[in-house]
Amino acid sequence: MPSPPTALRHVNATRYVTPFREGGSLPGLVEADDLGMYVVKFTGAGQGPKVLVAEVVVGELGRALGLRVPELVSIELPAPIARYEADEEVQDLLNASGGLNLGIDYLPGAFGYDGSRPVPGPEAEAILWLDALTANIDRTWDNPNLLVWHRRPWLIDHGAALYFHHGWPSRAPNAQRFAAARFDADRHLLRAQAGDPASRHEEFAAVLDDSTLVRVVEMVPDAWLEPTEQLTDAEAVRAAYVEHLRARLDSPDAWLPGPAGGGSQ
Ligand SMILES: Nc1ncnc2c1ncn2[C@@H]1O[C@H](COP(=O)(O)OP(=O)(O)O)[C@@H](O)[C@H]1O
Ligand SMILES: [Mg+2]
């Protein structure tokens with residue numbers, strides 16, 4: 001079996017096709033020089049590169065757990081792409097997004113999960129467990145962020161997870177605080193099917209061992225890892241992500257939701 005990758009595959013954008021206007025961040029559909037089509041999340045969007053870090057870390061943790069996540073790539077936008085864009089809002093976003101952006105393999109014809117073909121229980125448990133681990137509150141009926149493609153569920157949109165990093169510019173990193181933050185699963189899209197995610201903790205935590213955490217965090221391009229006063233370079237920022245995830249994996253009782261129908265704790 002080939003070893004899992006330690007870096008995102010890289011492509012260059014050749015054409016901006018159209019914006020996706022449903023979410024807030026204005027991702028765009030983009031064609032690239034490998035003839036692929038990607039949903040691109042831009043470094044210049046409102047919340048900056050941290051959202052892209054969360055996308056990579058959570059997406060690749062999901063993949064390591066055997067969940068379906070579209071391939072993630074780093075994608076560079078040549079300047080002329082912005083010049084030919086007529087929409088001013090899009091042009092500003094492209095101009096603010098030089099260097100590396102995140103590409104997500106476009107799944108043509110996929111639609112948002114509507115429950116008509118329920119996710120099987122064991123898979124639902126794994127998805128809820130991943131969301132609880134990474135504090136991803138963005139998988140609800142209002143906002144499923146779960147696509148159905150060729151009848152199978154695919155996970156997208158993990159930019160809201162790992163919220164602790166938004167505090168780093170002003171607060172010292174505190175892995176124990178994150179490790180102790182309870183996850184409220186009441187509004188989770190798959191709460192009803194995910195019988196008892198806690199009963200699977202040992203199994204999933206064994207997959208996310210230290211070398212897997214390090215490998216996944218290594219996949220994030222340096223340019224998105226913004227140094228702070230305490231975390232002075234990309235390596236220090238990477239180590240902080242690993243430390244937060246490790247601390248949380250080691251204290252499941254603090255955050256893992258109980259069985260479906262058994263109340264929120
Ligand atoms: N890989 C993909 N293949 C097909 N459609 C996608 C893909 N990723 C996102 N989309 C579509 O684009 C929309 C916005 O993407 P999403 O990642 O949810 O960004 P936002 O942060 O704007 O909510 C999704 O609701 C979905 O309809
Ligand atoms: Mg979304």
Side-chain angles (χ1 to χ4, degrees), residues 5 8-11 13-32 34-63 65-75 77 85 87 89-94 96-97 100-117 119 123 127-128 130-131 134-163 165-166 187-190 219-220 224:
L8 298 178
R9 189 166 63 82
H10 182 72
V11 301
T14 50
R15 185 167 73 102
Y16 182 90
V17 182
T18 190
F20 288 89
R21 293 202 178 266
E22 313 147 43
S25 65
L26 208 62
L29 183 62
V30 170
E31 236 173 48
D34 64 346
L35 306 182
M37 301 271 276
Y38 298 91
V39 175
V40 174
K41 301 268 176 115
F42 297 100
T43 41
Q47 287 183 297
K50 288 205 168 79
V51 174
L52 310 190
V53 177
E55 289 273 9
V56 173
V57 172
V58 179
E60 296 300 335
L61 290 176
R63 199 186 317 284
L65 289 167
L67 295 168
R68 284 178 219 85
V69 179
E71 187 193 3
L72 304 177
V73 299
S74 61
I75 182 162
L77 299 179
E85 177 54 44
D87 181 316
E89 189 188 3
V90 173
Q91 196 178 59
D92 288 348
L93 180 58
L94 299 179
S97 304
L100 297 183
N101 297 277
L102 177 69
I104 302 150
D105 187 26
Y106 176 63
L107 308 178
F111 58 90
Y113 181 76
D114 60 4
S116 56
R117 188 178 289 273
V119 174
E123 190 174 348
I127 295 170
L128 203 160
L130 173 70
D131 288 335
T134 59
N136 178 27
I137 50 154
D138 241 0
R139 214 174 323 267
T140 63
W141 284 107
D142 292 338
N143 202 3
N145 291 319
L146 186 69
L147 296 179
V148 179
W149 189 58
H150 293 281
R151 302 184 178 176
R152 296 274 180 80
W154 288 76
L155 305 183
I156 59 159
D157 197 0
H158 302 114
L162 308 181
Y163 61 83
H165 57 188
H166 295 290
R187 297 182 60 239
H188 194 275
L189 181 71
L190 304 177
M219 292 179 82
V220 178
W224 302 345

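Order of appearance sets the numbers: ligands from 1, and atoms from 1 within every ligand.
Checked against side-chain hydrogen bond (donor to acceptor under 3.5 Å, both in side chains), T43 has the following partners two or more places apart in sequence or in another chain: N101. Contacts of H165 classified as ring pair (Phe, Tyr, Trp, His ring centres under 6.0 Å), with partners at least two apart in sequence or in another chain: Y241.
Atom CG in D114 sits 7.0 Å away from atom CH2 in W141 (nearest 0.5 Å). Distance CE/M219 to CZ/R9: 11.0 Å, rounded to 0.5 Å. One distance of note links CG of L107 with CD of E71; it measures 11.0 Å at 0.5 Å rounding.
Around the Mg ion (ligand 2), the protein N, O or S atoms found under 2.8 Å comprise N145 OD1, D157 OD2.
Taking a heavy-atom cut-off of under 4.0 Å, ligand 1 is surrounded by F20, E22, G23, G24, S25, P27, V39, K41, P70, I104, D105, Y106, L107, N145, L147, I156, D157.
Closest approach of L8 and L72 over heavy atoms only: CD2-O, 3.6 Å.
Test N143, N145, N136 against D157 for side chain to side chain donor-acceptor pair (under 3.5 Å) and you get one pass: N145.
Between the Y163 side chain and the I137 main chain, no donor and acceptor come within less than 3.5 Å of each other. A donor-acceptor distance shorter than 3.5 angstrom exists from the side chain of R63 to the backbone of V69, with no hydrogens or angles considered.
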